[in-house]
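Lettering of chains follows the sequences in order, A, B, ..., and the numbering in each one begins at 1. Because the structure is predicted, anything quoted here is derived from the model rather than measured.
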Protein chains: 2
Amino acid sequence: MGEFDLIARYFKRPPPLAAAAQVTLGVGDDCALLQPRPGQQWAVSTDLLIEGRHFLSTVAPDRLGHKALAVNLSDLAACGAQPVAYTLALSLPSVDEAWLAAFAQGLHALADAHGIALVGGDTTRGPLAIGITVMGEVPPGQALLRSGAKAGDELWVSGHLGDARLALEVFRGSLSVPLPVWELARQRMEQPTPRVALGLALRGVASAAADVSDGLCGDLGHILAASGVGAVIDAADAIETIASRGVWMGASGRLDSNLSANPPLPAEWQWLDWVLNGGDDYELVFTAPSALTEAVRLAAAAAGTPVRRIGRIQAESGLWLRERDGVLTRLPTRGFDHFA
Amino acid sequence: MGEFDLIARYFKRPPPLAAAAQVTLGVGDDCALLQPRPGQQWAVSTDLLIEGRHFLSTVAPDRLGHKALAVNLSDLAACGAQPVAYTLALSLPSVDEAWLAAFAQGLHALADAHGIALVGGDTTRGPLAIGITVMGEVPPGQALLRSGAKAGDELWVSGHLGDARLALEVFRGSLSVPLPVWELARQRMEQPTPRVALGLALRGVASAAADVSDGLCGDLGHILAASGVGAVIDAADAIETIASRGVWMGASGRLDSNLSANPPLPAEWQWLDWVLNGGDDYELVFTAPSALTEAVRLAAAAAGTPVRRIGRIQAESGLWLRERDGVLTRLPTRGFDHFA
């Protein structure tokens, strides 16, 4: 099967209904043609995933297809943009039709769920790499930026941080967990849920937002730097781990060396490190005026996404952790860095 | 130097004046924000370049920066779109500041020449790979598509085909050429000129267009398939090689095993093969009604780009070569295929 047959078979398809009006011409010409709706701005983001860096070679291809698009949708979510279209650049060591079919299935399923159209791409032979560029719409002035946090704002995160890191530690063999914990954590690492609905619901509510991909401290650090503020995270509020979600006990089914029915719980400081610096979470970290606490909760409920208030923005610079005993510790704000 | 310093130092800069009105927010947030001009359509294309596949490891980084953007601009050119913005995804084996500075210089120089703004990107450690997505504007209904060719239309190409292939053959050691030929051919391979001005000038004139990246026969084949027509190429008109441009003789300067002062000229069939199937040309192949011959020549003159009429579109399917003796030969329309 050649390059063009491959594209035709796995990647050429009509746009989802939600995006059809904006997709004048999809895959198959030198360019796609998009028709922006009058008055809308376009939010654009790009991510490149490399085997061994961003995903393990063992990941199932349908999960990889999901994740490659999910991490890009997460950037649109962080801006409060409505997904419209994306392009896919795919470098493959060889043509494996079963792999391609599964990859495309995972990719298209998530695309359909968000009404985003694949409008163009490029395939080449090479090391396994996936480059996606997403485009979404947002009304002028309503995009959530990193630069809008103000002293006194409350600090929020969506969902659950640290799960993907937990899975990575099990993969690395440094941790033993019960089977249900493993299944949940692995699913969170391999099939993250982009918080698009929450991002849309937070338009006009959140004062700043970013997606958590390189670890909470690092990504929150971008908000603090862009906004010229600092923040205090309350340790007691920040830790809501898999253990506290009630799945640590009760393993069943196949157990291997990294899975056991009743392993010791990691220490609290360990959980906290994964929450603060885990990475690969694809949750949103955002700020909102304290007068809008209820509006945040309503937005989260409307989006069907759990949110948690974990601290507060302050004028004094730096990121600080208030531990259970009240002691403040300065946190580094460098997230995961591919070159550091 | 970390990932974010790297981006700030080499890739964060104000948009060129031509694109400033459409770039609301550039590099540095989760997404860039673009403000399309009212009524315009957006043309979008993406290309992924992998070391050893799309470029040689010996290429100078400034030329690589130029080429990575040029091949994408070539897609906008083929659609008659005005470049506005692009994203860059860069996978690097290591941080080499001299390399990065030169790569960025080549990239930015071409971007500035076309008024296109770098609005976002992603950098990661991995095998050297460059993914670019370009966005441009075109008034609705004016984009040049592959599907518009009609029987009786004249068939045209821009510039000179086969030069990049000639350079590749010298690199491979299969050919010896005079030094001036080598310098010209290498420059054409490493720093192709995207025919953006010609694409814009051909709006309303050309009936179909594509860029020649995988070889003339392959890319013309896409036009023929999309338009449901065939074509005849006149060999006598198609061959305009480096030799016929008067630079074969007169080598001077350093000569190595692949360069000599007066090597034998390759046979005509060999030139013809490079013209028809060479690849990496980044010229335009396009069709226009025969009543618009003068309009094509005026558009080319306005764009400062040479064009040549090399054949004619016909209702009968297939791509044919009319040789100097009048004999018609069927040509395969499969261009370079990474997986064939």
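For B/A226, no part lies under 4.5 angstrom from a heavy atom of chain A. Interface remark: B/A209 contributes backbone atoms only to the contact with chain A (heavy atom separation under 4.5 Å). When heavy atoms are compared at a cutoff of 4.5 Å, B/E51 does not approach chain A at all. Contact annotation for A/I50: only side-chain heavy atoms (C-beta onward) come within less than 4.5 Å of a heavy atom of chain B. Heavy atoms closer than 4.5 Å to chain A are found in both the backbone and the side chain of B/L33. Within the 4.5 angstrom heavy-atom criterion, atoms from both the backbone and the side chain of A/A210 approach chain B.
Remark: side-chain polar atoms of A/S158 are paired, donor with acceptor, to backbone N or O of A/L284 under 3.5 angstrom. Side-chain atoms of A/R195 never come within 3.5 Å of backbone atoms of A/Y282 as a donor-acceptor pair (strictly under, hydrogens ignored). With B/D219 contributing its side chain and B/D214 its backbone, the two residues share a donor-acceptor pair below 3.5 Å.
In this structure, CG on A/N72 lies 11.5 Å from CG on B/D30, to the nearest 0.5 angstrom. The CG atom of A/L100 lies 5.5 Å from the CG atom of A/L92; values are rounded to the nearest 0.5 Å. Note that the CD atom of B/E283 and the CG atom of B/L216 stand 10.5 Å from one another [nearest 0.5 Å]. If you take CG on B/D122 and OG on A/S45, they are separated by 8.0 Å, rounding to the nearest 0.5 Å.
Among the candidates B/L144, B/L88, B/D47, the residue making the largest number of heavy-atom pairs closer than 4.5 Å to chain A is B/D47. For the options B/T24, B/D29, B/L145, heavy-atom pairs under 4.5 Å to chain A are most numerous at B/D29. Residue with the most contacts toward chain A among B/D211, B/L25, B/L49, B/V119: B/D211 (heavy-atom pairs, distance under 4.5 Å). Among A/Q41, A/R146, A/Q40, the residue with the largest count of heavy-atom pairs under 4.5 Å with chain B is A/R146. Taking A/A32, A/G121, A/A89 one by one and counting their heavy-atom pairs under 4.5 Å with chain B, the maximum is reached by A/A32.
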Using the salt bridge (charged side-chain N to carboxylate O under 4.0 Å, His left out) rule, take B/D5 and B/K12 through it: C-alpha gap first, then chi angles, then the decisive distance, then the call.
CA-CA 10 Å; B/D5 306 318; B/K12 195 169 178 174; over 6 Å; no

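For the pair A/G148 and A/A208, the tightest heavy-atom approach, listed with the atom from each and the gap, is N-CB, 3.8 Å. Closest approach of A/C79 and B/C31 over heavy atoms only: SG-CB, 3.3 Å.
Residues passing the side chain to side chain contact (heavy atoms under 4.5 Å, CB included) test with A/A104, sequence neighbours excluded: A/Y10, A/F11, A/H108.
Taking 4.5 Å as the heavy-atom cut-off, the residues of residues 133-141 of chain B that approach chain A are B/T133, B/M135, B/V138, B/P140, ordered by number.
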